[in-house]
Amino acid sequence: MSQFKILKPLWLGGKRAVGLADHRITANNSIEIMYQDKTGVRIYPHQYFMSGNELKKYPTQQFNANMPLLRVVPIEDLHIAQERPEV
């Protein structure tokens, strides 16, 4: 299982998203968004899950030549770990 710790979400057409390095995606992926508001409270406190097959359906983007190719996934599409669908 790959574990992703996202420091700051991306803006995707008015929605927040995460960028996951395409080469690190495995069959099962755990995602935590560490971003906090100004009082230090995490805005997305859950641990999220998404299968590699689901993630591969999202578009890729490379923000600059020094960064890996990222799968850009809207946060609202991620599954809260306790609500993980059967694979």
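Reckoned from all heavy atoms, side chains included, excluding hydrogens, waters and symmetry mates.
One finds the OG atom of S30 at 8.0 Å from the NZ atom of K5 (value rounded to the nearest 0.5 Å). Within the model, atoms CD of Q47 and CD1 of I31 stand 9.0 Å from one another, a figure rounded to the nearest 0.5 Å. Annotation: the span from Q36 atom CD to L7 atom CG amounts to 10.0 Å, rounded to 0.5 Å. Taking CG of N28 as the start and CD of Q3 as the end, the distance is 11.5 Å to the nearest 0.5 Å. One finds the CE atom of M50 at 5.0 Å from the CG atom of L78 (value rounded to the nearest 0.5 Å). Remark: H23 NE2 to L70 CG distance equals 9.5 Å, nearest 0.5 Å.
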Discussion item. Determine whether E54 and H79 satisfy the following criterion, side chain to side chain contact (heavy atoms under 4.5 Å, CB included), listing intermediate values before the conclusion.
Written reply: CA-CA 11 Å; E54 288 178 283; H79 309 294; 2.8 Å; yes
Discussion item. Go through it in stages, so that I can follow the logic: the residues are V18 and F4, the test is side chain to side chain contact (heavy atoms under 4.5 Å, CB included), and I'd like the CA-CA distance, side-chain angles, deciding distance and then a yes or no.
Written reply: CA-CA 10 Å; V18 293; F4 295 90; over 6 Å; no
Worksheet entry | side chain to side chain contact (heavy atoms under 4.5 Å, CB included) assessment of I33 paired with Y48 | CA-CA 9 Å; I33 304 167; Y48 298 93; 4.0 Å; yes
Practice prompt. Dump the intermediate steps for side chain to side chain donor-acceptor pair (under 3.5 Å) on D37 and T39, then the final yes or no.
Written response: CA-CA 5 Å; D37 65 14; T39 64; 2.7 Å; yes
Discussion item. Pair L12, V73 - check side chain to side chain contact (heavy atoms under 4.5 Å, CB included), show working.
Written reply: CA-CA 9 Å; L12 179 67; V73 183; over 6 Å; no
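Proximity of Y58 to D77: side-chain heavy atoms (C-beta onward) are separated by under 4.5 Å at one or more points. Residues L55 and L20 form a side-chain contact, since some pair of their non-hydrogen atoms from C-beta on lies under 4.5 Å apart. Counting heavy atoms from C-beta outward, I25 and S2 have side chains that stay 4.5 Å or more apart.
Distance alone, capped at 3.5 Å, places no donor-acceptor pair between the R71 side chain and the A21 backbone. Using a distance-only test at 3.5 Å, with no hydrogens or angles considered, a donor-acceptor pair links the side chain of N29 to the main chain of T26.
F63 and I6 fall into different hydrophobic clusters, defined by Ile, Leu, Val, Met, Phe, Trp and Tyr side-chain heavy atoms under 4.5 Å apart, directly or through other members. L69 and V72 fall into different hydrophobic clusters, defined by Ile, Leu, Val, Met, Phe, Trp and Tyr side-chain heavy atoms under 4.5 Å apart, directly or through other members.
Here D22 pairs with K56 in a salt bridge; the nearest charged N to carboxylate O distance falls below 4.0 Å. Salt-bridge formation is not detected for the pair R16/E76: no Lys NZ or Arg NE/NH1/NH2 atom is positioned less than 4.0 Å from an Asp or Glu carboxylate oxygen.
The shortest non-hydrogen separation linking P9 to Y44 is CG-CE1, 4.3 Å. Contact detail for L10 and G19: the closest heavy-atom pair is CD1-N, 3.8 Å.
Judged by distance alone, the side chains of E32 and H46 never bring a donor and an acceptor atom under 3.5 Å apart.
Figure legend: cation-pi geometry between R42 and Y35 absent, as NZ or CZ is not positioned both under 6.0 Å from the six-membered ring centre and within 45° of its axis.
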